[in-house]
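See structure below.
Protein chains get the first letters and strands the later ones, always in sequence-line order, with residue 1 at the start of each. Keep in mind it's a predicted model, so treat the numbers as computed, not measured.
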Amino acid sequence: MTDATAPTPRTAAPAVAPRVKVAMILFAAFALFPLLAFALDDPFLIVIGTRILAYAIAAMALDLILGYGAMVSFGHAAYLGFGTYAVAILSSYGVTDIFAQTLFAVAISAVFAFVTGAISLRTKGVYFIMITLAFGQMAFFFFISLSAYGGDDGYGLSGRSTVLGSNMLENDTTLYYATLVALIALFVLCHRIVASRFGRVLTGIRENPTRMESIGFPPFRYQLTAFVISGCITAVAGVLLANQAQFVSPAFMSWHRSGELIVMVVLGGIGTLSGAIGGAVAALLLEEVLGMMTEHWRLWFGIFLVLMVLFSPRGLTGLFEQIRGRRE
Amino acid sequence: MSRLDILNLSKSFGALQVTDNVTLTVEPGEVHAIIGPNGAGKTTLVAQLSGQLKPDAGTVALDGRDITRLSMPDRVRAGLARSFQITQVLPSFTVLENVALAVQARKGSSFRFFAPVATEAALNDAAMRVLDGSGLTERADVPARALSHGEHRHLELALALATDPRVLLLDEPLAGVGGAEADAFVDRLRAMKGRMTMLLIEHDMDAVFALADRVSVLVNGAIIATGAPEDVRSDPQVRAAYLGEEEEAPAC
Amino acid sequence: MANLFVLQLLNGVQLGVLLFLIAAGLTLVFGIMDVVNLAHGVLYMVGAYFVATFAALTGSFWWGLLLMLPAAIAVGLILEVVVIRRLYARSHLDQVLATFGLVMIANETVKIVWGTSPLSVPTPELLSGSIPLMGPLRYPVYRVGIIVAGLAVALGLFLVINYTRIGMLLRAGATNRAMVSALGVDIGKLFAIVFTLGAVLACFAGALIAPILSVDTGMGESVLILTFVVVVIGGIGSIKGAFLGAILVAVVDTLGGVFGPILLREVLDPSAANQTGRMLAPMLVYILMAVILFAKPAGLFGAKA
């Protein structure tokens with residue numbers, strides 16, 4: 001037995017976690033990516049890049065509850081939708097400032113996530129998946145019936161959001177870097193959250209809810225808080241997507257989109273944050289590449305998904321580990 | 001006023017009465033053992049005391065405060081903790097992290113989102129102090145899933161202790177532990193005597209008679225006798241209902 | 001107004017009967033195998049395409065319907081053996097992903113095989129025309145036919161579930177899976193039968209609706225989510241819950257769209273009432289679901305939450 005008074009060395013933080021290293025490499029690659037676009041003289045790459053970064057934010061937000069909280073939300077596209085429509089609605093009233101729009105998007109998402117989360121979290125497992133899916137559809141149908149903003153057809157934006165009065169985001173490259181800054185800032189936020197007291201409780205509930213209750217943690221309030229945070233961060237991704245596309249439509253919030261977000265998270269390996277970012281890159285690139293080769297790219301994407309689940313349940317990370325394990 | 005007052009507690013599943021009008025008081029500092037044959041309803045009783053299961057009727061009071069309607073987390077915060085017969089740990093957390101989380105539940109808010117918890121000295125130090133008596137200090141950085149069964153049982157107990165309970169419900173702490181390991185475990189429990197009140201459910205009769213101040217016998221959901229260990233041992237009704245059976249199939 | 005009400009009520013019941021056919025299979029698959037199957041709506045779509053193809057080939061809706069059945073059984077069995085069977089022991093997340101992949105595969109395959117333009121199926125001669133209802137009101141015979149066929153299947157299912165050995169196993173399985181395997185039943189075979197039965201029912205629903213709806217690739221999607229709502233409201237694993245849930249959801253959905261604005265006109269000015277009504281109507285079933293789940297998290301007849 002060790003002396004109780006001896007200080008424990010365990011309070012020292014580990015140097016840099018490998019997951020943070022992966023994220024840093026990804027961020028560096030993102031920062032250099034526009035150079036590639038210029039070199040190839042293909043400005044469309046910047047557009048794709050911005051989309052990928054925005055989805056990476058959404059996937060990371062979903063990972064916060066899916067990976068760390070074991071909550072399989074199948075309605076997360078709704079928050080993308082709130083983000084995009086916040087831009088459309090406020091700008092139609094002349095409020096074009098991106099911070100005001102983001103605040104509005106986050107506020108709506110917080111309310112929606114709080115109410116639907118509180119109902120969904122009364123249930124578990126299959127019920128939770130289906131209920132979040134149904135609430136996502138509810139939001140989808142709401143925006144379809146919103147005829148003032150084009151209903152089903154969507155609504156074109158007259159321009160991008162302004163930043164403190166400047167219209168700097170009209171430049172695609174500036175928007176790209178603004179999205180990258182948002183991604184990095186939100187990654188740091190999520191990373192802090194999962195390593196915090198709150199994050200430890202959330203992860204504990206994922207691991208064993210009964211044990212958590214028996215040491216004094218009621219799971220519901222922590223899960224609901226995480227659900228709300230995740231929804232709010234996803235809404236930020238929506239704000240950026242609306243700016244990238246300069247167009248909003250209910251298609252941003254269809255249940256397919258929710259499914260694609262889950263695919264991104266799993267593809268990169270759940271519960272790692274950086275995995276979700278990598279997963280977003282992989283999934284969207286795969287879509288683009290398959291889309292260039294065949295108009296029926298969904299067929300191949302679907303086959304890829306089924307095969308991935310059947311043969312590599314832990315996503316690309318799992319696949320890499322399997323391959324590495326075999327080599328060693 | 002006793003530490004724990006259980007009054008007319010009843011629970012049935014359909015036609016099966018699993019807890020039959022149980023009334024029991026546990027005094028401060030006492031180790032009170034509940035014994036009974038398999039299927040007597042011991043685990044169901046613990047589940048109701050810990051708040052996992054709602055009783056159909058009756059009340060549970062802790063230091064005079066009615067806690068019957070409190071949830072399990074609220075009861076823990078009120079000072080009533082439990083250990084499980086089947087080990088419940090957070091498998092991918094290290095031993096230290098498991099215990100630190102239990103400490104965290106009673107130390108400050110868990111709605112803190114930014115400061116890294118791994119370097120919170122107050123939590124880690126308190127957790128190490130809890131681990132000190134468990135023989136797990138050397139294993140503090142090992143993920144819980146990598147522990148042996150005996151170590152799991154020690155961690156299970158440490159988690160309950162980390163909540164700093166006034167009353168500790170021990171649901172078969174020795175389950176699956178045998179030989180010298182069991183003796184050490186009993187020594188550890190004995191060392192805790194007096195520091196808190198314990199309600200001990202245990203199959204191992206040697207452990208029960210080594211630890212308990214009083215023993216209650218539960219048969220078919222009802223308490224048929226309560227008293228000092230020697231009195232209960234010699235109670236003819238108890239011998240008929242329980243100990244007799246135990247002699248035919250001696251405990252391991 | 002009363003006429004409109006009766007008409008919409010009948011439309012609601014007709015939709016409800018269809019939803020029940022789809023939900024029955026889904027709730028059993030959820031309840032007994034604990035599998036989330038997003039591809040269930042696909043089966044409804046495939047049923048409609050099958051009947052469209054076979055009816056066009058044979059020139060008869062009835063032959064089309066008859067030929068659809070073995071095709072549906074084949075699709076159900078192939079799906080179960082190739083993919084679903086491998087998902088039983090997996091997490092819900094894996095099931096969501098794999099069946100989401102199946103949805104993409106199926107939608108795209110349908111586009112490749114049948115093209116993107118919607119198909120139509122002529123109403124069978126025997127059930128064309130309409131019948132007098134009350135006063136000047138008439139109702140299409142074919143829709144009455146759907147209601148009758150749906151109720152007949154519901155009755156048949158009820159009898160099978162309550163009075164046969166396999167029904168007994170299904171009921172036991174929905175509440176206690178371990179018990180069924182303890183009974184010495186070949187679980188693998190039972191699961192295959194249940195899944196295929198659910199597939200056939202969903203295909204049948206798609207086939208029934210084909211003559212009054214255009215058959216296209218999106219048709220499985222909207223119905224899938226409504227079916228989820230039905231299953232959740234009724235309680236997973238409960239056929240009775242699926243039936244009541246289906247009728248409830250369909251009637252609320254149908255009547256809400258028509259009468260919502262009318263009722264709102266009592267409290268709002270007409271244009272605002274129309275606007276609000278149009279926005280609220282599609283959300284009604286979800287609000288209904290939220291209310292029911294708030295009161296009963298396991299649904300109306302759910303065995304487990």
Side-chain angles (χ1 to χ4, degrees), chain A residues 1-17 20 64 67-68 70 186 188-226 228-230 232-233 270-272, chain B residues 50-52 71-78 81-84 87-94 96-121 123-125 127-129 131-135 137-138 140-141 144 156 159-160 162-163:
Chain A
M1 282 217 187
T2 50
D3 186 359
T5 55
T8 55
R10 287 173 248 288
T11 47
V16 180
V20 178
L64 193 62
Y68 292 89
L186 290 168
V188 171
L189 175 74
C190 289
H191 186 70
R192 294 298 288 258
I193 290 177
V194 300
S196 71
R197 278 185 163 220
F198 176 83
R200 194 175 264 182
V201 174
L202 187 66
T203 321
I205 295 165
R206 173 193 74 189
E207 297 263 306
N208 189 339
T210 310
R211 170 42 79 191
M212 291 302 282
E213 284 190 71
S214 70
I215 55 176
F217 292 107
F220 180 83
R221 61 185 72 157
Y222 299 98
Q223 289 178 312
L224 183 58
T225 306
V228 171
I229 293 173
S230 171
C232 293
I233 296 176
I270 65 171
T272 57
Chain B
S50 65
Q52 219 177 4
S71 66
M72 181 146 71
D74 286 339
R75 286 180 205 218
V76 175
R77 285 166 182 272
R82 71 166 291 182
S83 73
F84 292 87
T87 309
Q88 302 274 353
V89 295
L90 309 171
S92 75
F93 282 44
T94 65
L96 180 70
E97 285 168 347
N98 265 279
V99 182
L101 194 49
V103 173
Q104 183 185 322
R106 62 179 166 85
K107 279 204 169 158
S109 168
S110 285
F111 284 99
R112 290 192 202 156
F113 300 92
F114 300 104
V117 63
T119 50
E120 267 195 62
L123 294 184
N124 290 337
D125 291 349
M128 284 311 285
R129 278 196 297 277
L131 284 178
D132 218 26
S134 67
T137 35
E138 298 302 313
D141 289 334
E156 176 73 35
L159 284 170
T163 67

Quick check on [X] against chain A: is it the side chain, the backbone, both or neither that has a heavy atom closer than 4.5 Å?
X: A102(B); result: both
X: R112(B); result: both
X: E97(B); result: both

Bottom line for T225(A): the part with an atom under 4.5 Å from chain B's heavy atoms is side chain

Sequence neighbours excluded, the answer for salt bridge (charged side-chain N to carboxylate O under 4.0 Å, His left out) partners of R75(B) is none

Between [options], who has the most heavy-atom pairs with chain A when the cutoff is under 4.5 Å?
options: Q104(B), E156(B), R77(B), R106(B); value: Q104(B)
options: A162(B), A160(B), S109(B); value: S109(B)
options: N98(B), V89(B), V103(B); value: V89(B)

- Item | side-chain contact (heavy atoms from CB on, under 4.5 Å) between V201(A) and F111(B), worked out | CA-CA 9 Å; V201(A) 174; F111(B) 284 99; over 6 Å; no

Looking at E207(A) and S92(B), would you say the former's side chain and the latter's main chain have a donor-acceptor pair under 3.5 Å? yes

Side-chain contact, heavy-atom cut-off 4.5 Å: R197(A) with F113(B)?
-> no

_Minimum side-chain heavy-atom gap S196(A)-V117(B) below 4.5 Å_ = no

Given R206(A), M212(A), R211(A), H191(A), the one with more heavy-atom pairs under 4.5 angstrom with chain B than any other is R211(A)

Between the CD atom in Q88(B) and the CG atom in N208(A), the distance rounded to the nearest 0.5 Å is 4.5 Å

Interatomic distance, CG@L159(B) vs CD1@I215(A), rounded to 0.5 Å, equals 6.0 Å

What one should report as the nearest heavy-atom pair of F217(A) and L101(B) is CE1-O, 3.3 Å

Between A118(B) and R200(A), the two heavy atoms sitting closest are CA-NH2, 3.8 Å

- Message: Any donor-acceptor pair under 3.5 Å linking the side-chain atoms of E213(A) with those of S71(B)?
- Response: no

